[in-house]
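All of these numbers come straight from a predicted model, not from anything done at the bench.
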Amino acid sequence: MKYGPNYIYECPNCGNLIQNRSLMSGNTFDAELYSDLRRIAPMLPEFPNMIECKKCRNIFWLSKTKKIGEYSWGDDPNPLWKNADLAEFLSIHNYFKALKANVAENLNEELFIRKRIWWSYNDRLRKGGKLFRFINDEVRWKENIHRLLELLDIEQDDQKIMIAELHRNLGDFERCLELINSIEDAEVEWLKALFQREC
């Protein structure tokens, strides 16, 4: 794994400086792929695209924000950049806040956010915690799942796998197995066996 340059952005609301790391090269050694299709690869880390400004609490897409500079490790960057806030992934609460603020401008962006919400809930279980921590967690979790089912394309195998997993999460094991068994790609036979066992 080799890190790329650090990119510097400016919050479009207040001008606060944010830096985000990048990756020049990586690999999937020791990567784990989960049934919600979240992949966690220690040697191929992800970096945030949607963030909350730590100064004004504005939520925005880094990919839609103009970079004002960059520097590589070992460089002597602009002194102002050294103290720029490091971009961080949003919390579940802030992903919902982003949806409410209409940060998603199209269905693909909404799908991105809602998958992140789903994965963030599942990350709690992956880390050995409880799925629901707060009073309204289960209600918001279910609302998000039902909206994901509307947004995902059942004609695409990767999204069909997600749809099957969402039905499994809701306890509809019959529909889950019906969907997963309808995939004809031989490369997912191992996954079918996993779903059958879990159901």
*Begin from the C-alpha positions of Asn78 and Tyr71 and carry the test side-chain hydrogen bond (donor to acceptor under 3.5 Å, both in side chains) through to its verdict.*
CA-CA 9 Å; Asn78 181 323; Tyr71 69 94; over 6 Å; no
*With side chain to side chain contact (heavy atoms under 4.5 Å, CB included) as the test, would you mind laying out the steps for Lys97 and Arg57 before giving the verdict?*
CA-CA 11 Å; Lys97 179 181 169 184; Arg57 302 304 177 190; 3.9 Å; yes
_Test side chain to side chain contact (heavy atoms under 4.5 Å, CB included) applied to Leu44 and Leu23, step by step_ = CA-CA 8 Å; Leu44 194 66; Leu23 200 65; 3.6 Å; yes
*Would Ile59 and Met50 count as a side chain to side chain contact (heavy atoms under 4.5 Å, CB included) if you check the C-alpha gap in whole Å, the side-chain angles of each, and the deciding distance to 0.1 Å?*
CA-CA 7 Å; Ile59 295 176; Met50 174 178 280; 3.8 Å; yes
_Criterion side chain to side chain contact (heavy atoms under 4.5 Å, CB included) on Leu166 and His146, from CA distance to verdict_ = CA-CA 9 Å; Leu166 288 165; His146 287 297; over 6 Å; no
*Residues Lys130, Glu138; criterion salt bridge (Lys or Arg N to Asp or Glu O under 4.0 Å); working and verdict*: CA-CA 11 Å; Lys130 294 181 178 180; Glu138 186 172 3; over 6 Å; no
*Decide yes or no on salt bridge (Lys or Arg N to Asp or Glu O under 4.0 Å) for Arg175 and Glu178, but give the supporting numbers first.*
CA-CA 5 Å; Arg175 179 60 175 154; Glu178 179 186 346; 3.1 Å; yes
*Please step through salt bridge (Lys or Arg N to Asp or Glu O under 4.0 Å) for the pair Glu10 and Lys67, ending with a clear verdict.*
CA-CA 7 Å; Glu10 193 174 66; Lys67 289 195 290 279; over 6 Å; no
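Contacts of Ala84 classified as side-chain contact (heavy atoms from CB on, under 4.5 Å), with partners at least two apart in sequence or in another chain: Leu17, Gln19. Qualifying salt bridge (charged side-chain N to carboxylate O under 4.0 Å, His left out) partners for Asp172, counting only residues two or more places apart in sequence or in other chains: none. Every residue two or more places apart in sequence or in another chain that forms a salt bridge (charged side-chain N to carboxylate O under 4.0 Å, His left out) with Glu189 is listed here: Lys192. Annotation: side chain to side chain donor-acceptor pair (under 3.5 Å) contacts of Arg114 (sequence neighbours excluded): Glu110, Asn144. By the salt bridge (charged side-chain N to carboxylate O under 4.0 Å, His left out) test, Asp85 pairs with no residue at all, sequence neighbours left out. Taking the salt bridge (charged side-chain N to carboxylate O under 4.0 Å, His left out) definition, one finds that Asp76 meets it with Lys82, sequence neighbours left out.
Tracing side-chain contacts under 4.5 Å through hydrophobic residues (I, L, V, M, F, W, Y), one reaches Met162 starting from Leu107; they form part of the same cluster. Phe89 and Ile40 fall into different hydrophobic clusters, where Ile, Leu, Val, Met, Phe, Trp and Tyr residues are linked whenever their side-chain heavy atoms come under 4.5 Å apart, directly or through other members.
Between the side chain of Ser91 and the backbone N or O of Asn94, at least one donor-acceptor pair lies under 3.5 Å. The backbone N or O of Asn108 lies less than 3.5 Å from a partner atom in the side chain of Asn106, making a donor-acceptor pair. In this structure, Asn122 contributes its side chain and Trp119 its backbone to no donor-acceptor pair below 3.5 Å. Side chain of Ser22 to backbone of Pro5: a donor-acceptor contact under 3.5 angstrom is found. Checked by atom type and distance alone, the side chain of Asn83 never pairs as donor or acceptor with a backbone atom of Leu80 at under 3.5 Å.
Counting only heavy atoms from C-beta outward, the side chains of Asn20 and Asn6 never approach each other to under 4.5 Å. Using a 4.5 Å cut-off on side-chain heavy atoms (C-beta onward), Cys56 and Asn16 make no contact. Taking the side chain as every heavy atom from C-beta outward, Asp158 and Leu37 approach each other to under 4.5 Å. Contact check for Arg124 versus Arg133: side-chain heavy atoms found under the 4.5 Å cut-off. With a 4.5 Å cut-off on side-chain heavy atoms, Lys160 and Ile183 count as touching. The closest side-chain heavy-atom distance from Leu90 to Pro48 is not below 4.5 Å.
With rounding to the nearest 0.5 angstrom, the CD1 atom of Ile8 is 14.5 Å from the NZ atom of Lys66. Once rounded to the nearest 0.5 Å, the distance linking CD of Glu165 with OG of Ser35 reads 3.5 Å. Expressed to the nearest 0.5 Å, how far CD1 of Ile180 lies from SG of Cys199 amounts to 9.0 Å. The CD atom of Glu143 lies 9.0 Å from the CG atom of Asn136; values are rounded to the nearest 0.5 Å. With rounding to the nearest 0.5 angstrom, the CZ atom of Arg116 is 8.5 Å from the CG atom of Asn49. Residue Ser120 holds its OG atom at 5.0 Å from CD1 of Ile92, rounded to the nearest 0.5 Å.
Taking a 4.5 Å side-chain heavy-atom cut-off between Ile, Leu, Val, Met, Phe, Trp and Tyr, the cluster of Leu62 extends to Tyr7, Tyr9, Ile18, Ile51, Phe60. In this structure, Phe29 stands alone, with no Ile, Leu, Val, Met, Phe, Trp or Tyr side-chain heavy atom under 4.5 Å from its own, directly or through other members. Cluster note: Leu86 groups with no other residue, as no ILVMFWY side-chain heavy atom lies under 4.5 Å from it.
For the residue pair Ala41 and Ala31, the shortest heavy atom distance occurs at CB-CB, 3.6 Å.
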Atom pairs and distances, donor-acceptor, side-chain atoms in residues 148-155, under 3.5 Å, two or more places apart:
unit_1 : atom_1 : unit_2 : atom_2 : d
Glu150 : OE1    : Arg147 : NH1    : 2.7
Asp153 : OD1    : Glu155 : N      : 2.9
Asp153 : OD2    : Gln156 : NE2    : 3.2

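Using a 4.0 Å cut-off between charged nitrogen and carboxylate oxygen, Asp123 and Arg38 count as a salt-bridge pair. Looking at Arg21 and Glu70, no side-chain N of the basic residue comes within less than 4.0 Å of a carboxylate O on the acidic one, giving no salt bridge.
Residue pairs meeting the ring-ring contact (aromatic ring centres under 6.0 Å, His included) criterion with at least one member in residues 90-117, sequence neighbours excluded, are Trp61-Phe112. Pairs of residues two or more places apart, or lying in two chains, never qualify as ring-ring contact (aromatic ring centres under 6.0 Å, His included) while including a residue from residues 156-199.
Annotation: cation-pi pair Arg126/Tyr34 present, NZ/CZ under 6.0 Å from the ring centroid and within 45° of its normal.
Trp118 and Asn169 are linked by a side-chain donor-acceptor pair at a separation below 3.5 angstrom, with hydrogens and angles left out of the test.
The local environment of NZ in Lys54 is crowded, with over 12 non-hydrogen atoms from other residues, nucleotides or ligands closer than 6.0 Å. Residue-environment remark: CG (Asp30) stays at or below the threshold of 12 foreign heavy atoms within 6.0 Å.
Taking the six-membered ring for Trp and thresholds of 30 and 60 degrees, Tyr3 and Phe47 have ring planes inclined between 30 and 60 degrees apart.
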